[in-house]
Q: 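Dumping the structure here so I can ask a few things about it.
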Amino acid sequence: MSSVVIIGAGHAGFNLAHLLRQNGFGGRVTLIGDEGGTPYQRPPLSKAYLMGKVDASGLTFRPDSFFDEQGIERIDGTATSIDRQTQRVHVEGHAPVAYDTLVLATGARRRELPVEGGTLEGVHGLATRADADRLKQALEDERHQPLVIGAGFIGLEFAAGARYFGFDVKVIDLAPRIMARAVSPAISTYFQQAHEQSGVQFLLETGIAHLEGKDGHVIHVVTTNGDRLQTDLVVAGIGVIPNDQLARDAGLAVENGIVVDEHLATSDPHIFAIGDCANFPDKALASRLRLESVQNATDQARALAALITSQERVPYDAVPWFWSDQGPLKLQIAGLGTGSDTFIEQRDDKGLSVFAFRDGQLAAVETANHAGNHMAARKLFGSGLARPSADEIASPGFTLKDYVLRK
């Protein structure tokens, strides 16, 4: 039997290990993780976990007993290097681990504030359970003045959580609108207005010059406009960086992540990469793509498990979808709106839907509190059905659900 070693115990790594066993793989499966403890889910960290609606046990994928029952060996430690010639992984504090197939599911790490004062006490990120635990403890003190740098998903999810506890929150972003890199202008406006109605204050088109501290703790954020904003709790949500150094040191092709082909294989046929760290070809965009989403991590794990267990080389082409819960608002996106040039809006008593077109073809559907349209869009994009035109969607009485049912 062959041996599969997986580096990274997040969504991609855990799901691959689980699916290999589910698909009947009888060889050795080794899961290497560097956070210690039982592998856990990350999306609730900035939402339900932060607000105390889910505890630490509710984050875990499966209890510890699951791994023993499934014959999945876990190693808590940091992988330091890959010896491709002898097909071994070196792990700090452990003996080398031999592999027949190696899978890099190393994910991504949060980007640190690249300004003076960015490492002061009171400056937080939100990517791991340890990050969330520190923030939960900080939010127990009602005297704090939270300030968020970055109006992306993580920043806005934290802002909604802070408002849930009654804090006044300011959000700063260099872009002219919130979630500018991820959603259409209409969705940005819809969410910004909702956040403002809840009490969040936005400072857009505003950069950060530096942070000021006293006794090692942050006390001011100084903007490029010269404003000194008082705060003792800063949350930086300014994106992530793929963890590709291990692959780079091993001589694998790396460019904005670990470069893989349509079968998720790296430049070494014995090594694959999946999840946030993988840069893969996308047919719809006719370019390469690296996605940071649970769906992508899970679907790539499913595709690779099928390849390993059946040797069927089916190109990875799952429909991407994303979500973000921001207080009472649920953002859901099906498809990829990158490069869209035409947008059609639909509003009803449920919420807002935006249909994004690229070169005359429906490329993505973004919804705010409209799960029905989101599910219909996922079914449409995943079915190979003909997609509705802009004129069809704009016609009176059109609903995506009815369109999909008729097809």
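Given the structure is predicted, the values throughout are model-derived calculations rather than measurements.
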Q: Within the 3.5 Å criterion, strictly below it, is a donor on Y49 or Q41 matched to an acceptor on the partner's side chain?
A: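 No donor-acceptor contact under 3.5 Å links the two side chains.
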Q: Would you check if there is a donor-acceptor pair between the side chains of D348 and H370 at a distance under 3.5 Å?
A: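 Per modelled atom types, H370 and D348 side chains form a pair under 3.5 Å.
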Q: Check step by step if side chain to side chain donor-acceptor pair (under 3.5 Å) holds for S46 and E157.
A: CA-CA 6 Å; S46 57; E157 288 168 4; 2.4 Å; yes
Q: Could you check whether atom CG of N23 has more than 12 heavy atoms from other residues, nucleotides or ligands sitting under 6.0 Å from it?
A: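 It does: N23 CG has more than 12 such atoms within range.
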Q: Can you list the steps and then say if N256 with R290 is a side chain to side chain donor-acceptor pair (under 3.5 Å)?
A: CA-CA 7 Å; N256 183 29; R290 188 178 63 80; 3.1 Å; yes
Q: For G118 and V123, which heavy atoms make the closest approach, and how far apart are they?
A: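 The pair with the smallest heavy-atom distance is O-CG1, 3.4 Å.
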Q: Taking atom CD of E255 as the centre, report whether more than 12 heavy atoms of other residues, nucleotides or ligands fall under 6.0 Å from it.
A: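 No, CD of E255 has 12 or fewer neighbouring heavy atoms, counting only those of other groups under 6.0 Å.
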Q: Using a distance-only test with no angle check, is there a side-chain donor-acceptor pair under 3.5 angstrom linking T119 and E112?
A: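 No - no donor-acceptor pair under 3.5 Å links their side chains.
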Q: Give me the atom names and distance for the closest heavy-atom approach of G337 to A364.
A: N-CB, 3.5 Å
Q: Could you walk me through whether F61 and H11 pass the ring pair (Phe, Tyr, Trp, His ring centres under 6.0 Å) check?
A: CA-CA 9 Å; F61 293 110; H11 281 270; 4.9 Å; yes
Q: Under 6.0 Å from the NZ atom of K330, do we count more than 12 heavy atoms belonging to anything else shown?
A: yes
Q: Without hydrogens or angle criteria, can the side chains of N296 and S293 be said to hold a donor-acceptor pair below 3.5 Å?
A: no
Q: State, to 0.1 Å, how close Q300 and G275 come at their nearest heavy-atom pair, and which atoms those are.
A: OE1-N, 2.7 Å
Q: Take Y316 and F280 through the ring pair (Phe, Tyr, Trp, His ring centres under 6.0 Å) test and state the conclusion after the steps.
A: CA-CA 9 Å; Y316 174 75; F280 63 95; 5.5 Å; yes
Q: Identify the two heavy atoms, one from P320 and one from L336, that lie closest to each other, and give their separation to 0.1 Å.
A: CG-CG, 3.6 Å
Q: So which pairs with a foot in residues 208-219 pass side chain to side chain donor-acceptor pair (under 3.5 Å), sequence neighbours left out?
A: E212-H220, E212-R228
Q: Which heavy atom in V29 sits nearest to a heavy atom in A17, and how many Å separate them?
A: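 So the two residues come closest at CG1-CB, 3.9 Å.
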Q: Side chains of S3 and R28: donor-acceptor distance under 3.5 Å anywhere?
A: no
Q: Between R302 and D299, does at least one N-O distance fall below 4.0 Å, as a salt bridge requires?
A: yes
Q: Going by atom types only, do Q326 and H195 share a side-chain donor-acceptor pair under 3.5 Å?
A: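 A pair is found: one side chain offers a donor N or O, the other an acceptor, under 3.5 Å apart.
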Q: Roughly how far, to the nearest 0.5 Å, is CH2 of W323 from CD of Q332?
A: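 Between Q332 CD and W323 CH2, I get 9.5 Å after rounding to 0.5 Å.
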Q: Any side-chain donor paired with an acceptor under 3.5 Å for Q192 and E196?
A: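 Q192 vs E196: donor-acceptor pair found between side chains.
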Q: For D325, is there an ion pair with K47 - N to carboxylate O distance below 4.0 angstrom?
A: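 D325 and K47: not salt-bridged.
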Q: Give the C-alpha distance, both sets of side-chain angles, the deciding distance and a yes or no for ring pair (Phe, Tyr, Trp, His ring centres under 6.0 Å) between F272 and H263.
A: CA-CA 9 Å; F272 297 79; H263 303 294; 9.1 Å; no
Q: Have T86 and D83 got a donor and an acceptor in their side chains that come within less than 3.5 Å?
A: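 Short answer, yes.
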Q: Quick check for you: to the nearest 0.5 Å, what is the distance between E366 atom CD and Y190 atom OH?
A: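 Here the interatomic distance stands at 13.5 Å.
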Q: Between T38 and D64, do the side chains contain an N or O donor and an N or O acceptor separated by less than 3.5 Å?
A: yes
Q: Is the closest side-chain donor-acceptor distance between Q145 and T231 under 3.5 Å?
A: no
Q: State whether Y40 and R42 meet the cation-pi test: NZ (Lys) or CZ (Arg) under 6.0 Å from the six-membered ring centroid, and within 45° of the perpendicular axis.
A: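 Yes, R42 and Y40 form such a contact.
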Q: Do T266 and D268 pair up side chain to side chain, a donor and an acceptor below 3.5 Å, judged on atom types alone?
A: no
Q: Distance only, no hydrogens: is a donor on one side chain within 3.5 Å (strictly under) of an acceptor on the other, for Q245 and D249?
A: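 Looking only at side-chain atoms, D249 and Q245 do form a donor-acceptor pair, the distance falling under 3.5 Å.
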Q: Using the rule given for salt bridge (charged side-chain N to carboxylate O under 4.0 Å, His left out), can you reason through D131 versus R110, listing the C-alpha separation, both sets of side-chain angles and the distance that settles it, and then say yes or no?
A: CA-CA 11 Å; D131 293 335; R110 57 183 173 85; 3.2 Å; yes
Q: Around atom CD of E35, are there more than 12 heavy atoms of other residues, nucleotides or ligands at under 6.0 Å?
A: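 Correct, the count exceeds 12.
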